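None of the values given here were measured: they were computed from a predicted structure. For reference, positions follow the sequence shown, starting with 1.
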Amino acid sequence: MFDKIDAGFLPLPEFERAVGALPLVSVDWVLLNPAGQMLLGHRRNAPARHWWFTPGGRVRKKEPLESCLQRVAVSELGLQPSDV
């Protein structure tokens with residue numbers, strides 16, 4: 001299920017056209033430690049390169065929200081599916 005992280009994504013030229021014309025749906029994880037500090041990641045890619053964000057990712061077409069949250073937790077946080 002998680003062995004092909006990029007499966008389900010449009011080729012880059014098609015995605016860039018879609019971004020210009022359609023809203024994107026995404027999920028984010030908000031993780032706080034006992035001290036109330038939030039986990040943030042430093043983005044390496046456009047459009048928000050060098051900004052700090054909560055870990056997250058796009059929802060794929062026809063992907064159930066729970067599956068998306070699990071996939072993002074595995075790919076962005078390095079968790080195992082059983083940990084989510």
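- Here the OG atom belonging to Ser82 is positioned 8.5 Å from the CD atom belonging to Gln70, to the nearest 0.5 angstrom.
- At a threshold of 4.5 Å between non-hydrogen side-chain atoms, the residues Arg43 and Asn45 count as touching.
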Would you be so kind as to tabulate the donor-acceptor pairs closer than 3.5 Å made by side chains of residues 25-34, with sequence neighbours excluded?
unit_1	atom_1	unit_2	atom_2	d
Asp28	OD2	Thr54	OG1	2.8
Trp29	NE1	Leu69	O	3.1
Asn33	OD1	Ala35	N	2.9
Asn33	OD1	Gly36	N	3.1
Asn33	OD1	Gln37	N	2.9
Asn33	ND2	Gln37	OE1	2.8

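- What you find for Pro55 and Leu39 is that their closest heavy atoms are CD-O, 3.9 Å.
- Residue Leu10 comes nearest to Ala18 through the heavy atom pair CD1-CB, 4.3 Å, listed as atom of the first residue, atom of the second, then distance.
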When you look at Phe15 and Leu24, which way does the side chain to side chain contact (heavy atoms under 4.5 Å, CB included) test go after all the steps?
CA-CA 10 Å; Phe15 174 69; Leu24 293 179; 4.0 Å; yes

Where do Glu76 and Arg71 land on the salt bridge (Lys or Arg N to Asp or Glu O under 4.0 Å) test, with the steps shown first?
CA-CA 8 Å; Glu76 295 287 319; Arg71 176 179 54 78; over 6 Å; no

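- Hydrophobic clustering (side-chain heavy atoms under 4.5 Å, transitive across Ile, Leu, Val, Met, Phe, Trp, Tyr) keeps Phe53 apart from Leu40.
- Looking at Met38 and Trp52, their side chains never come closer than 4.5 Å, going by heavy atoms from C-beta outward.
- The local environment of CD in Glu66 is sparse, with at most 12 non-hydrogen atoms from other residues, nucleotides or ligands closer than 6.0 Å.
- Contact check for His42 versus His50: side-chain heavy atoms found under the 4.5 Å cut-off.
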